[in-house]
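Here is the structure we will look at, set down as C-alpha cells.
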Amino acid sequence: MTTPHQTEISVLIEDFLHSNPNPSRQDWRALIEGNQPFSDQILDYAQAYQQSHSMSQEMDDELLDEALFNVTKSQAMALVSANNEPLNKVVAELARYKGPAARDLAASLGLAEHVSLLNQVIRGDVLAPYALLKRIALKLHVQIAAVAQTFSVNFQNQPVRAFKSAGKPALTNEPIAWAKAVQDAGIKGAEAERLIALEKALD
Amino acid sequence: MEKEGIEGQEVDQGEPEIIHKEYLRPHFQEIAFRDALRLNEVELLRSLKVKKHSDLGFVSTEILVTFARVGYGHSRKCKDQIALALNERIVKALGYFLRINSGWAYSFNVSSESKQEIVSTAWLGVMASKASISFAEVNFLTFIQARFLDWFISQTRLKNSAPSVDEYSAEDENGESLSMVEQVADENAKTPEQQAELKELVDKSQGGVLALPKKQRDAIYYHIECEYTQAVTAKHMGCTEKSVRTYLRLGLETLKKGIRK
C-alpha cells in the first residue's frame with residue numbers, strides 16, 4: 001500500500017491542479033521546468049494525469065460496486081470513529097481559557113462583555129452561530145467542525161438536571177437557538193441586533 | 001484560494017517532509033458547510049440518504065470529508081453514516097475512474113484486491129492532512145483522482161524497481177562503460193510519419209504508456225507530450241540522443257504489441 005504522505009511534491013501538485021483545473025501540456029511543462037528538483041516525480045504524475053480522463057462529472061448515476069463497498073466499509077467507519085485527535089485538541093485549547101481568560105476570549109471573539117453567552121455555547125446549551133464557531137476555530141487553531149462537535153459532545157455529556165417545580169418539568173434535548181439565548185440574556189437594542197446578525201454571517 | 005504560507009513539521013532527515021497546506025472554502029461551499037453544521041441528528045441522517053447532488057438536502061462530498069476528518073456526528077450512528085456515505089462516494093469515484101480509463105484496469109491488472117487497496121489508500125489520504133481545511137475539502141474530485149493516480153504511479157515504480165536494461169553495461173574497446181541501451185543499434189531520427197504514429201499510439205494507449213519502463217515512458221513524455229527535440233529530451237534525461245531514439249523505438253514497439261504482463 002502506498003503511504004499517503006502529504007509531501008512537498010503532493011502539495012505542489014495539488015496546488016497546481018487547484019489553480020489549473022484543466023492543465024494543458026504547456027502548464028505541465030512549465031511546472032516541470034520550474035521545479036527541477038522534483039521534475040522526476042512531477043513527470044510521473046504529469047504522465048498519469050494526462051493519460052487519464054478528467055473526473056469532472058458528477059457520479060450520481062455511477063453504479064455502486066456493492067462488493068467493494070462492503071469490504072471497505074469497516075475500515076471507513078473505524079477511521080472516522082477512532083479519530084478523536086481534533087476534538088482532544090479543541091478541549092485542550094479551551095481549557096486554557098478559564099476564569100478571567102474566558103472574558104478575554106469572549107471579547108476577542110466579538111462577544112464584548114457577554115462571557116456568559118460564550119460559556120453557554122461551550123457547554124453546548126446554545127447553538128453557536130457559524131461565524132462564532134469560525135472565530136473560535138481561528139483563535140484556537142483548530143477545525144470549525146471539531147469546535148462544533150466538541151460543544152455537541154459537551155451538551156450530551158451534561159448530567160440530567162433535577163427540577164424543583166410545581167409545574168411539569170421540561171427537559172431540553174436540543175440546544176437553544178442563538179437568538180433566543182441573546183434575548184434571554186437581556187441584551188437589547190443595537191447590541192442584540194449585532195449579536196443576532198452573527199447567525200447569518202460567514203465572517 | 002489558498003492561504004499564503006505552508007505549515008510544515010520536520011521529520012527525520014531522509015523522510016519526506018510532511019506538509020499541511022491550508023485552503024479556503026469557496027463562498028458557495030462555505031454556505032453549504034454552515035447550513036450542514038446547523039442540522040440536528042435526524043436532519044443530518046436524512047440528508048446523508050440523499051444520493052443525487054441535484055436533490056434537496058444533498059451533502060457535498062467536500063463536507064463529508066470535513067466531517068470524517070474531525071469525527072463529526074451527533075452520535076455514533078451519525079458518524080458511521082457519514083463514513084459510509086463517504087465510502088460510497090469513494091467507491092463510486094473509483095468505479096467511474098476505471099470506467100472512463102478502461103485501458104488502465106487492463107494494463108495494471110486491477111483485481112478486486114487492488115481496488116480495495118486503492119480505496120484504502122484514498123481513505124488514508126483523506127485522513128492524512130492536519131490542515132484546518134485540506135485540499136480534499138475544497139476540491140474532492142481532483143483530490144480523489146490524484147489519490148487514484150498515486151496508486152497507479154506506485155505500481156509503475158514497483159514495476160520499474162526491478163533492474164532495468166539501463167543498469168547493465170559493458171566496456172567498449174577503450175575501456176569506457178557503455179549501457180546496454182547504448183549498444184543497441186541506432187536508428188535514424190524518426191520520420192514525421194513515425195512521429196505521428198507514436199503520438200497516435202500514446203493517445204490511444206489509455207494508460208499503456210504508464211506500464212512502460214520508466215526511461216521509455218519519460219522519453220515518450222518529453223518528446224511527444226512536451227514536444228521537445230530529441231536533443232533537449234536527452235538533456236532532461238541525462239543520456240545521449242542515441243539512447244533517446246532507442247527508448248522511443250522500444251516504447252513504440254511495446255505499445256504496438258500491446259502491454260503484456
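Because the structure is predicted, anything quoted here is derived from the model rather than measured. Throughout, protein chains are lettered first and strands after them, A, B, ... in sequence-line order, and every chain is numbered starting at 1.
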Hydrogens and angles aside, do A:Gln75 and B:Ser120 bring a side-chain donor and acceptor to less than 3.5 Å of each other?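 Judged by distance alone, the side chains do pair up.
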
Looking just at side-chain N and O atoms, do A:Glu14 and B:Asn139 make a donor-acceptor pair shorter than 3.5 Å?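 On atom types as modelled, these side chains do not qualify, holding no pair under 3.5 Å.
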
Atom group of [X] that falls short of 4.5 Å from chain A, counting heavy atoms:
| X | answer |
| --- | --- |
| B:Phe152 | neither |
| B:Arg69 | both |
| B:Lys79 | both |
| B:Ala36 | neither |

[X] versus [Y], closest heavy-atom pair with distance:
| X | Y | result |
| --- | --- | --- |
| A:Val11 | B:Tyr23 | O-OH, 4.3 Å |
| A:Ala145 | B:Thr66 | CB-CG2, 3.9 Å |
| A:Ala76 | B:Ala83 | O-CB, 3.6 Å |
| A:Glu62 | B:Lys92 | O-CE, 3.1 Å |

Give the member of [options] that has the highest number of heavy-atom pairs under 4.5 Å with chain A.
| options | value |
| --- | --- |
| B:Gly95, B:Ala146, B:Ser54 | B:Ala146 |
| B:Asn87, B:Ile31, B:Asp80, B:Ile220 | B:Asn87 |
| B:Val119, B:Leu84, B:Thr142, B:Val126 | B:Leu84 |

Atom [atom1] of [X] and atom [atom2] of [Y]: how far apart are they, to the nearest 0.5 Å?
| X | Y | atom1 | atom2 | result |
| --- | --- | --- | --- | --- |
| B:Ser132 | A:Leu138 | OG | CG | 7.5 Å |
| B:His236 | A:Asp40 | NE2 | CG | 12.5 Å |
| A:Glu174 | B:His74 | CD | NE2 | 8.5 Å |
| A:Gln156 | B:Ser75 | CD | OG | 7.5 Å |
| B:Leu37 | A:Lys134 | CG | NZ | 11.5 Å |

Non-hydrogen atoms of chain B under 4.5 Å away: do they reach the side chain of A:Ala128, the backbone, both or neither?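 A:Ala128 has no heavy atom closer than 4.5 Å to chain B.
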
Part of A:Gln36 within contact of chain B (heavy atom distance under 4.5 Å):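 Interface part for A:Gln36: side chain.
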
Could you give me the CA-CA distance, side-chain angles and deciding distance for A:Leu63 and B:Tyr96, then say whether side-chain contact (heavy atoms from CB on, under 4.5 Å) is met? CA-CA 9 Å; A:Leu63 284 177; B:Tyr96 176 68; over 6 Å; no

Side chains of [X] and [Y], heavy atoms from C-beta outward: is any pair under 4.5 Å?
| X | Y | value |
| --- | --- | --- |
| B:Ile90 | A:Thr72 | no |
| B:Phe135 | A:Asp15 | no |
| A:Gln143 | B:Tyr72 | no |
| A:Leu127 | B:Arg38 | no |

Would you please go through residues 181-203 of chain A and name the residues with a non-hydrogen atom below 4.5 Å from one of chain B, in numerical order?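 Within residues 181-203 of chain A, near chain B: A:Glu199, A:Lys200, A:Ala201, A:Leu202.
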
Can you pull out the residues in residues 78-89 of chain A with any heavy atom less than 4.5 Å from chain B?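 Those residues of residues 78-89 of chain A which have a heavy atom under 4.5 Å from chain B are A:Leu79, A:Val80, A:Ser81, A:Asn83, A:Glu85, A:Pro86, A:Leu87.
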
Should A:Lys73 and B:Glu88 count as an ion pair when the cut-off is N to O under 4.0 Å?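 Salt bridge: no.
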
Lys/Arg N to Asp/Glu carboxylate O, A:Asp44 vs B:Lys214, below 4.0 Å: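 Looking at B:Lys214 together with A:Asp44, the answer is yes, because their closest N to O distance falls below 4.0 Å.
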
By salt bridge (charged side-chain N to carboxylate O under 4.0 Å, His left out), which residues pair with B:Glu62, not counting sequence neighbours?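 For B:Glu62 there are no salt bridge (charged side-chain N to carboxylate O under 4.0 Å, His left out) partners, ignoring immediate neighbours.
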
Provide the full list of ring-ring contact (aromatic ring centres under 6.0 Å, His included) pairs with a residue in residues 109-145 of chain A, sequence neighbours left out, each pair given once.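 Qualifying pairs, neighbours excluded: A:Tyr130-B:Phe33.
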
With chain B as the partner, which of [options] has the greatest number of non-hydrogen pairs under 4.5 Å?
| options | value |
| --- | --- |
| A:Ser152, A:Ala137, A:Ala46 | A:Ala46 |
| A:Ala48, A:Ala146, A:Pro129 | A:Ala48 |
| A:Ile13, A:Val142, A:Ile144 | A:Ile144 |

Applying side-chain contact (heavy atoms from CB on, under 4.5 Å) to B:Tyr222 and A:Leu43, what does each step give before you reach the verdict? CA-CA 9 Å; B:Tyr222 281 128; A:Leu43 191 62; 3.6 Å; yes

Working for salt bridge (Lys or Arg N to Asp or Glu O under 4.0 Å), residues B:Glu227 and A:Arg29: CA-CA 10 Å; B:Glu227 295 169 348; A:Arg29 191 168 146 171; 5.2 Å; no

